[in-house]
Amino acid sequence: MSTIAIPNETLPRTGIAATLPAPAPLADADRKPLTKKETAADHPTWCPGCGDFSVLALYYKLIEKRKMLHENICTVAGIGCSSRFPYFVQAHGAHFIHGRALAFASGVSLSRPDLHVFVFGGDGDAFSIGGNHFTHTARKNIKLTYVVMDNFVYGLTKKQTSPTSPIGFKSKTDVGGSTDRPVNPMKQAISAGATFVGRATATNLPHLLKLMEAAMDHDGFSFIECLSECIEFFPGAFDAAVPRKGGTFTEIPSEHDVTDEYAAYKLCDAPWPGVFGTFYKVDRATKNANEAKLITDSRAKLAGVPDWQILQRNFDRMK
Amino acid sequence: MSTIAIPNETLPRTGIAATLPAPAPLADADRKPLTKKETAADHPTWCPGCGDFSVLALYYKLIEKRKMLHENICTVAGIGCSSRFPYFVQAHGAHFIHGRALAFASGVSLSRPDLHVFVFGGDGDAFSIGGNHFTHTARKNIKLTYVVMDNFVYGLTKKQTSPTSPIGFKSKTDVGGSTDRPVNPMKQAISAGATFVGRATATNLPHLLKLMEAAMDHDGFSFIECLSECIEFFPGAFDAAVPRKGGTFTEIPSEHDVTDEYAAYKLCDAPWPGVFGTFYKVDRATKNANEAKLITDSRAKLAGVPDWQILQRNFDRMK
Amino acid sequence: MSDNTSTATTNDSSRTSAITESVIRIAGDSQDGIQAIGGFLARLAGRSEQEVMTFMTIPSTISGGPSIFQVRIGSGEVLSAGDEADVLLCFYDHSYANHISSLKRGGIVLYDSDHVTPKEDMLSVYRHVGVAISSLTVEAIGGTGRDKGKNIYALGLIARMFDLNVPKLTKLIEERFGGKDPSIVTNALNCFNGGYGHQIQGLIESFRFEHAEKTGAPQVVMSGNEALAYGIIAAGVRFGAGYPITPWSEIMELLRRELPKYGGMFVQTEDEIAAISMAIGGSYAGRVSVTGSSGPGISLKTEALGWASMAEMPVVVIDVQRGGPSTGMPTNQEQSDLNIACFGGHGDSPRVVLAPSSVEDCFYTAIEAVNIARKFSTPVIILSDQAIATRIEAFPCPDLQNICQDISPDFTPVADHKPYDLTATDGVTRHIAPGTRVASGKYPVATGLEHDELGHPTGSGKLHTQMNAKRRNKLRKLASELPVPKIYGATEGHVLLVGWGSSKGPIEEAVKLGRSQGEAVSGLHIKYINPLPNGLENLFNGFTHVVVCEINDEGLYGHGQLASLLRSRYCDPRIKSVTKTDGLPWKVKDILTRALALTK
Amino acid sequence: MSDNTSTATTNDSSRTSAITESVIRIAGDSQDGIQAIGGFLARLAGRSEQEVMTFMTIPSTISGGPSIFQVRIGSGEVLSAGDEADVLLCFYDHSYANHISSLKRGGIVLYDSDHVTPKEDMLSVYRHVGVAISSLTVEAIGGTGRDKGKNIYALGLIARMFDLNVPKLTKLIEERFGGKDPSIVTNALNCFNGGYGHQIQGLIESFRFEHAEKTGAPQVVMSGNEALAYGIIAAGVRFGAGYPITPWSEIMELLRRELPKYGGMFVQTEDEIAAISMAIGGSYAGRVSVTGSSGPGISLKTEALGWASMAEMPVVVIDVQRGGPSTGMPTNQEQSDLNIACFGGHGDSPRVVLAPSSVEDCFYTAIEAVNIARKFSTPVIILSDQAIATRIEAFPCPDLQNICQDISPDFTPVADHKPYDLTATDGVTRHIAPGTRVASGKYPVATGLEHDELGHPTGSGKLHTQMNAKRRNKLRKLASELPVPKIYGATEGHVLLVGWGSSKGPIEEAVKLGRSQGEAVSGLHIKYINPLPNGLENLFNGFTHVVVCEINDEGLYGHGQLASLLRSRYCDPRIKSVTKTDGLPWKVKDILTRALALTK
Ligand SMILES: Cc1ncc(C[n+]2csc(CCOP(=O)(O)OP(=O)(O)O)c2C)c(N)n1
Ligand SMILES: Cc1ncc(C[n+]2csc(CCOP(=O)(O)OP(=O)(O)O)c2C)c(N)n1
Ligand code: SF4
Ligand code: SF4
Ligand SMILES: [Mg+2]
Ligand SMILES: [Mg+2]
């Protein structure tokens with residue numbers, strides 16, 4: 001007969017000889033909003049001038065403004081310059097593998113409805129290697145907020161063509177200029193069934209913050225493409241959207257019906273640098289809610305039955 | 001100093017003691033169109049009544065009608081019931097791994113412009129595990145024809161929910177009915193940048209044949225979603241599109257402008273069972289053409305220079 | 001009736017012999033429901049406190065096709081599904097032709113005379129008993145013209161032949177077909193009674209299993225896939241993700257169906273990479289999660305598995321092995337994923353690998369995998385295989401009340417926390433789940449980059465060296481805690497047969513058979529593949545030869561995958577291999593013959 | 001100036017000594033163009049028929065950061081980049097602090113006195129020479145206020161110090177900066193001349209490399225990545241696909257840029273799975289194709305690689321190893337992908353693994369990989385690594401006219417063709433490319449399912465056994481054709497140091513060093529990892545100890561990855577390991593000291 005050689009154990013929580021006493025859990029109301037100082041962790045390793053700094057700064061601001069607590073945020077990323085994000089935030093975080101951040105984050109979101117799950121990443125991470133996870137997280141409408149810091153280039157690996165690089169972009173993998181039609185992230189999101197789709201730039205901070213707040217408040221998969229300049233490998237990429245560099249930042253007109261999929265789809269083709277704001281936003285049951293309902297239904301007849309007895313009933317049927 | 005232990009060799013072509021003499025290459029004009037008998041290989045292992053038989057029959061017909069030669073067709077597939085296709089066709093074929101048929105076929109298409117590359121597969125292969133390759137093959141507009149035999153279920157693995165299963169479909173992975181919003185393959189294709197997008201059923205043969213011909217003639221990535229009933233695990237799935245079962249087969253009205261992306265996108269939402277025909281068709285340079293141009297340009301100054309001398313020039317610069 | 005049934009005696013009924021065990025092979029097409037016959041027999045044996053073991057083949061074509069179900073029922077210890085059948089039930093000529101040789105000389109072939117024409121030259125070798133099963137079934141149901149119930153009719157015949165417990169069987173049939181349209185149960189019972197009532201021409205005796213000795217816990221009967229899935233639930237896992245593939249799918253289907261009852265969830269993802277990523281996300285969120293697949297999907301999971309190894313994130317990965325490489329032989333038995341389980345993935349990425357040896361062991365191994373994953377903060381791979389996945393066994397019902405675990409996360413606030421603490425007394429990384437407050441305000445990052453103790457990236461060669469050691473040494477610690485396996489048979493002798501995974505039963509039978517023939521053979525089963533338990537070298541020392549029997553290829557240098565691992569660790573040239581890749585489980589005789597030939 | 005520079009003599013110029021070699025380490029930030037200084041020195045050495053070897057580190061942060069370039073130039077054989085530097089050039093205090101210990105006692109530290117403050121206690125240990133490099137550069141360029149050319153200024157200083165060939169250097173600078181804005185060349189030359197003309201305070205002598213003995217072919221100077229990529233082109237490969245990752249990206253960038261000149265094509269794909277799938281498609285289309293990656297991407301490729309093994313489709317996969325597991329240490333040196341290269345992927349999926357030992361060997365190994373892939377219809381993995389990828393070496397220019405191969409497909413019609421012919425006299429599968437007419441009208445399918453000789457699926461255990469044997473035996477055949485490596489040093493002795501890949505040079509230097517100290521040490525380099533060549537056991541037999549030196553973890557049982565493989569094959573307990581994972585190439589002294597300590 002089989003036995004269990006390694007039994008279940010209560011495990012030590014930390015290997016550190018604690019000098020500080022463990023904090024008593026505070027009622028959330030007692031706690032002050034976190035300041036930037038409290039949310040900032042490692043100094044970012046980004047190049048000075050990189051657009052990603054702004055996105056990070058706004059994340060700190062969002063946490064402060066919305067009075068989120070350290071322990072209830074979870075920051076997830078894949079691999080890339082932008083994906084270093086979690087190291088720079090003082091909160092639970094995970095730096096996963098290239099392109100798979102959404103799948104990892106879905107695991108967190110689905111099993112932990114109490115957390116705010118934010119995912120940050122780059123265009124390569126999101127639309128090249130991670131493209132399929134993007135589609136399926138969108139169609140399943142898994143509750144989390146995904147901000148893609150789109151710089152139209154592979155930053156971390158030092159200037160290869162990215163799936164969003166415009167035709168003609170000269171990179172190390174397209175020395176004469178790229179020829180592949182780029183992905184249109186907005187179209188990709190809308191057609192896949194994302195329920196919140198927005199577009200912003202790292203240069204218009206109030207607008208980006210507003211969008212991040214709206215995304216966070218959305219009950220479902222919320223996606224923001226944030227144009228974020230790679231000063232090192234694609235400088236000036238988004239000047240056309242920066243008024244102080246002679247560009248224009250065109251917000252989506254307020255008449256736009258964010259629940260109109262076709263109108264949203266058309267907006268995706270607005271001439272360069274495109275339009276900014278919420279393209280699309282609809283309510284649709286989240287995967288989180290659908291699974292929760294499945295659980296509720298399944299447990300309807302099991303109220304108060306301990307787990308082992310549920311299993312025992314199955315085993316009894318196999319006798 | 002390094003040397004090469006295993007030198008380049010002329011390799012034997014076949015291990016079979018040939019009883020037949022090798023055929024002299026015929027001028028194509030001398031050859032008769034292939035008959036079904038000549039193109040049919042193994043007897044299909046599909047369940048009797050499976051929709052996939054019709055698609056196969058039409059492939060034979062297409063080969064015959066369009067006077068294609070055995071050796072100039074290449075049939076590629078991933079894994080699934082539908083993906084067994086290559087075994088049933090007497091022509092060069094490859095049965096690759098699950099979800100990666102398009103990437104494999106792209107390698108064939110890009111390096112062999114002389115071949116007709118056809119890819120067949122199922123909905124799981126195409127839109128679940130293979131979803132990202134679908135998007136990128138479409139955006140790169142790689143010249144090949146892709147027919148997805150969409151049965152809204154995983155056939156080979158015996159009835160799990162597929163990415164195209166309608167909400168409420170009861171499967172082994174959704175015993176109470178599926179809840180995830182299905183992928184809309186047409187929207188997926190159009191938004192990704194496919195240049196030929198059509199929809200057909202395995203029950204309307206003349207229509208499917210017409211569409212397959214048009215797809216084959218298209219210079220670019222041509223995609224057909226062909227509804228093909230899985231008699232075993234989702235019988236009746238497409239009755240609504242079969243007149244003899246009381247359904248209606250609605251062809252796309254001839255006024256539809258196949259170059260109008262927005263109109264095509266709207267068609268994708270036509271109420272069940274949707275509309276059939278060519279949703280979208282535009283001309284855009286193929287990846288094949290773009291790369292060919294790159295080659296021509298790069299070789300402009302190298303006409304007549306043997307390969308080793310091109311390399312020698314590089315090496316001379318490294319002295 | 002088997003070789004080792006020397007105790008067969010004549011019962012009070014002049015035509016009934018008492019037997020201790022029997023091997024019954026049912027051969028037909030999978031569409032005929034032959035698995036159902038086998039399933040009923042197995043379940044009945046379980047309810048009768050008999051030991052039972054089954055073996056089945058799955059047709060590799062989509063539309064079904066030839067398939068067998070073999071069941072061995074015994075009052076004593078049943079270790080394998082049996083090399084040779086005592087009774088062959090066959091529905092078609094092809095079943096007859098392909099399986100007659102699996103029958104013991106003098107065994108009974110019971111055939112559907114509507115379809116099978118016996119071969120002349122076989123008549124003297126086997127006892128032929130023909131019954132017009134198809135037409136009698138149609139008759140029994142009442143002439144619907146379809147022979148859909150012929151499996152149940154055949155079950156009736158077998159029940160008569162083995163004097164089986166009819167009330168119990170009736171109950172099983174009612175349970176199985178109940179709930180649906182009541183005419184279905186009626187039809188089934190009509191078929192069964194028809195078969196049971198049929199006077200079999202030419203069969204002069206019937207058999208009755210001796211009363212089983214064992215008492216104790218009531219038996220449960222299930223397949224290896226079921227046992228693994230239920231073990232995962234008992235272990236307290238409440239989240240998982242997977243993608244379908246044969247023969248893993250059944251596990252995910254069961255978990256997807258059952259977990260919601262426990263407040264849990266199982267997600268069908270777009271591919272295997274998403275599945276393991278999501279499961280790792282679930283583990284990170286606070287509770288060990290599960291994923292799994294078979295060969296092709298396991299290959300796809302190795303990158304994320306490497307992350308779990310690097311980030312020291314617990315996760316359980318089930319690999320139900322099948323014939324490889326590539327798409328290979330999807331419905332056949334093989335044990336060729338040991339290498340990828342131990343070494344799959346780039347870099348040095350330590351992980352734990354366990355291989356259950358029986359259906360019962362599947363249940364307990366699942367729990368152990370979860371416990372090891374938690375205790376050592378590591379990915380754990382369970383190497384099951386096609387044979388054990390589909391094999392049906394009876395085993396004592398586990399003491400669920402005591403076994404079921406709660407592994408829900410602990411959110412007690414902490415003063416400070418460094419997950420990758422290099423000074424941790426037990427040497428093991430501990431993660432705190434998101435949701436846990438850290439008073440120092442310093443929050444950890446789980447990462448796949450080499451890192452410092454808090455999980456922040458480092459380029460320090462020194463830290464890389466230390467962290468590599470940390471990841472490796474905790475598994476050495478695990479090794480020291482693992483039970484040293486016991487030798488089956490004498491601890492000294494000529495040949496020690498070593499096996500892993502589902503080959504345990506056949507190897508132990510081979511030991512019995514060998515010893516009965518006077519050979520100094522013993523057996524050793526290795527369940528903990530990576531790390532290996534300590535002290536195996538002492539066990540090897542008692543033998544002149546150590547022969548590892550595994551169902552994989554002999555490789556470039558003539559050694560199977562476990563043999564290569566053992567040779568590498570122990571540098572003991574006594575370690576040799578007997579391998580095969582014919583897609584089937586071991587035959588007891590083959591093991592013995594080949595091992596003896598090798599060590600002559 | 002190095003330890004083994006015992007021949008240093010005084011030249012006619014009273015202040016110039018003749019030296020046979022020197023190790024110069026340049027430490028600064030990557031943004032300062034320190035790689036450029038090293039590159040110029042290496043290229044100059046190549047043009048002077050000197051041997052040269054370099055080593056560099058890449059900052060692991062995005063925005064650049066501390067980085068070094070070390071160059072060893074010699075008139076004799078140069079096997080490694082040198083354990084200790086003769087001259088350290090440092091730009092910042094952190095460069096000084098971190099690298100002063102890499103300097104030989106009595107060595108020269110040349111520092112930018114604008115930024116570096118020497119440590120008091122070092123003044124007596126090393127010869128300190130300060131030059132205000134930053135401000136002098138600004139001055140040399142003409143006061144633009146930016147010190148962008150300070151690397152070239154420093155190059156001038158070095159040129160003066162080593163009495164380097166100024167016309168050649170000037171030419172190199174012109175070649176490098178030519179084509180762009182002409183003011184750039186002018187500025188660069190001004191910087192160089194400024195440095196060269198500067199009277200270095202406190203430096204009383206200069207050095208001059210002895211005239212190199214060797215003549216023969218002119219040298220080419222390139223990195224390992226370049227050599228691999230050009231080797232692939234020379235081998236006749238015209239199609240490939242890849243996805244960026246450090247340190248592989250450079251190879252794909254080069255191939256993408258260069259292949260069109262040869263009528264070829266390299267595709268940047270959406271991920272590594274698509275890349276290998278596309279490359280295999282290219283191979284299937286008729287001409288062996290190439291893909292590659294580093295660790296994480298290699299993990300992703302294993303499923304498709306298994307298809308190539310099963311379908312017996314040739315393809316070349318380059319793995320430029322870096323620190324693992326997972327994202328690991330992306331810019332550091334490691335040799336920890338040997339296991340995944342040999343065993344990655346589910347099932348028994350034989351493949352060939354080769355590891356080049358030097359930059360020159362990268363070029364030839366690429367060609368050999370292609371030839372093996374074709375001849376044995378098999379996937380071939382080339383295991384390069386970060387150190388060899390970025391190392392710059394000079395080697396004799398290959399005889400390209402004779403070496404460049406044509407491997408274009410042959411479309412001659414055939415009578416009949418069974419790719420997986422079990423009776424093939426050489427035992428090897430041959431595919432015919434699509435486009436080939438088959439007179440019999442029977443066309444093959446390339447497949448990942450187990451198959452019959454035509455490539456159609458089978459469920460036959462017998463065929464599976466035969467095909468497994470076919471896939472395995474052809475590699476045994478390859479093994480018998482592989483050259484047996486030669487022992488470096490005496491064929492008998494106390495310790496045989498065994499290495500693979502880029503460790504060849506340091507190991508051979510360790511042998512030299514050991515023998516100079518009277519130790520009976522020899523070396524053996526294994527380039528063919530899988531299959532291993534035959535006859536290694538005979539080589540081992542001459543030694544009391546066999547110590548495998550590798551840059552990976554010692555694993556659960558104390559053995560590195562190659563050592564484990566050798567132990568498994570030979571069951572020879574003399575085989576031991578010296579391993580490390582500090583992210584750097586071997587130091588010669590470490591190898592020797594640790595191997596001797598282990599075998600005391
Ligand atoms: C499996 C795998 N493939 C490739 C890489 C190498 N890699 C790291 S980041 C990156 C892409 C970076 O581009 P992007 O996602 O746009 O992020 P950015 O750096 O521009 O912010 C790549 C290809 C990797 N780490 N893992
Ligand atoms: C990597 C991998 N994952 C999973 C499988 C198992 N598998 C085979 S076919 C298939 C899906 C079949 O569905 P579909 O693509 O819709 O084809 P159908 O059988 O319905 O024609 C799956 C999941 C596999 N062979 N390889
Ligand atoms: S390389 Fe580009 S994306 Fe990366 S940190 Fe620098 S500026 Fe930002
Ligand atoms: S299972 Fe479904 S899809 Fe597969 S062959 Fe049968 S009917 Fe066709
Ligand atoms: Mg980017
Ligand atoms: Mg399907």
Side-chain angles (χ1 to χ4, degrees), chain C residues 60 295-296 298-300 302-303 306-307 309-311 323-329 332 334 336-337 339-340 343-350 448-450 457 459 461-462 464-465 468 472 475-476 479 530-531 552-553 555-557 559 564-565 567-569 571-573 575 580-584, chain D residues 60 295-296 298-300 302-303 306-307 309-311 323-329 332 334 336-337 339-340 343-350 448-450 457 459 461-462 464-465 468 472 475-476 479 530-531 552-553 555-557 559 564-565 567-569 571-573 575 580-584:
Chain C
S60 59
I298 297 294
S299 282
L300 287 171
T302 51
E303 191 207 357
W307 188 88
S309 180
M310 180 59 136
S326 199
T327 314
M329 307 257 283
N332 280 88
E334 203 160 286
S336 54
D337 290 355
N339 275 340
I340 191 178
F343 305 121
H346 62 283
D348 291 294
S349 56
L449 278 167
E450 193 54 282
K462 186 173 165 217
H464 186 38
T465 303
N468 265 332
R472 170 229 309 149
L475 297 202
R476 292 191 180 163
N530 203 55
N552 51 38
D553 190 59
L556 286 177
Y557 310 121
H559 318 297
S564 298
L565 201 68
R567 285 170 60 89
S568 173
R569 169 153 196 193
C571 265
D572 183 340
I575 302 171
K580 65 160 196 166
T581 58
D582 62 354
L584 301 172
Chain D
S60 57
I298 296 294
S299 282
L300 288 171
T302 51
E303 191 207 358
W307 188 89
S309 180
M310 180 59 137
S326 199
T327 314
M329 306 258 284
N332 280 86
E334 203 160 285
S336 55
D337 290 355
N339 275 340
I340 190 177
F343 305 120
H346 63 283
D348 291 294
S349 55
L449 278 167
E450 193 54 282
K462 187 172 163 217
H464 186 38
T465 304
N468 265 333
R472 169 230 309 150
L475 296 201
R476 291 190 181 165
N530 202 56
N552 51 38
D553 190 58
L556 287 176
Y557 311 121
H559 317 297
S564 299
L565 202 68
R567 286 170 60 90
S568 174
R569 170 155 194 191
C571 265
D572 184 340
I575 303 171
K580 65 159 194 166
T581 57
D582 63 354
L584 300 173

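Chain A is the first sequence line, chain B the second, and so forth, proteins listed ahead of strands; every chain is numbered from 1. Just so we're clear, the structure is a prediction, and the values are computed from it rather than from any experiment.
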4.5 Å side-chain heavy-atom contact, H346(C) and P296(D): yes
Most chain D-contacting option - heavy-atom pairs closer than 4.5 Å, from [options]:
| options | result |
| --- | --- |
| G328(C), A311(C), G323(C) | G328(C) |
| I298(C), D572(C), I575(C) | D572(C) |
| G345(C), S309(C), G306(C) | G345(C) |
| S336(C), G344(C), G347(C), P325(C) | P325(C) |
| T327(C), D348(C), L565(C) | D348(C) |
| P350(C), G583(C), G555(C) | G555(C) |

Counting only heavy atoms closer than 4.5 Å, note whether [X] contacts chain D via side chain, backbone, both or neither.
| X | value |
| --- | --- |
| H559(C) | side chain |
| L556(C) | both |
| E334(C) | side chain |

Taking every heavy-atom pair that is under 4.5 Å apart, which of [options] has the most such pairs with chain C?
| options | result |
| --- | --- |
| G295(D), P531(D), C571(D) | C571(D) |
| N332(D), T302(D), N339(D), L449(D) | L449(D) |
| G324(D), G461(D), A479(D) | G461(D) |

Interchain contact, L584(D) with chain C, by part (heavy-atom threshold 4.5 Å): neither
Over all atoms of both residues, closest heavy-atom pair of S568(D) and S564(C): OG-O, 3.0 Å
Donor-acceptor contact present, side-chain R567(D) to main-chain R569(C), <3.5 Å: yes
Whether D582(D) side chain and K462(C) backbone form a donor-acceptor pair below 3.5 Å: no
N468(C) and its side chain to side chain donor-acceptor pair (under 3.5 Å) partner, picked from N552(D), T581(D), D553(D): T581(D)
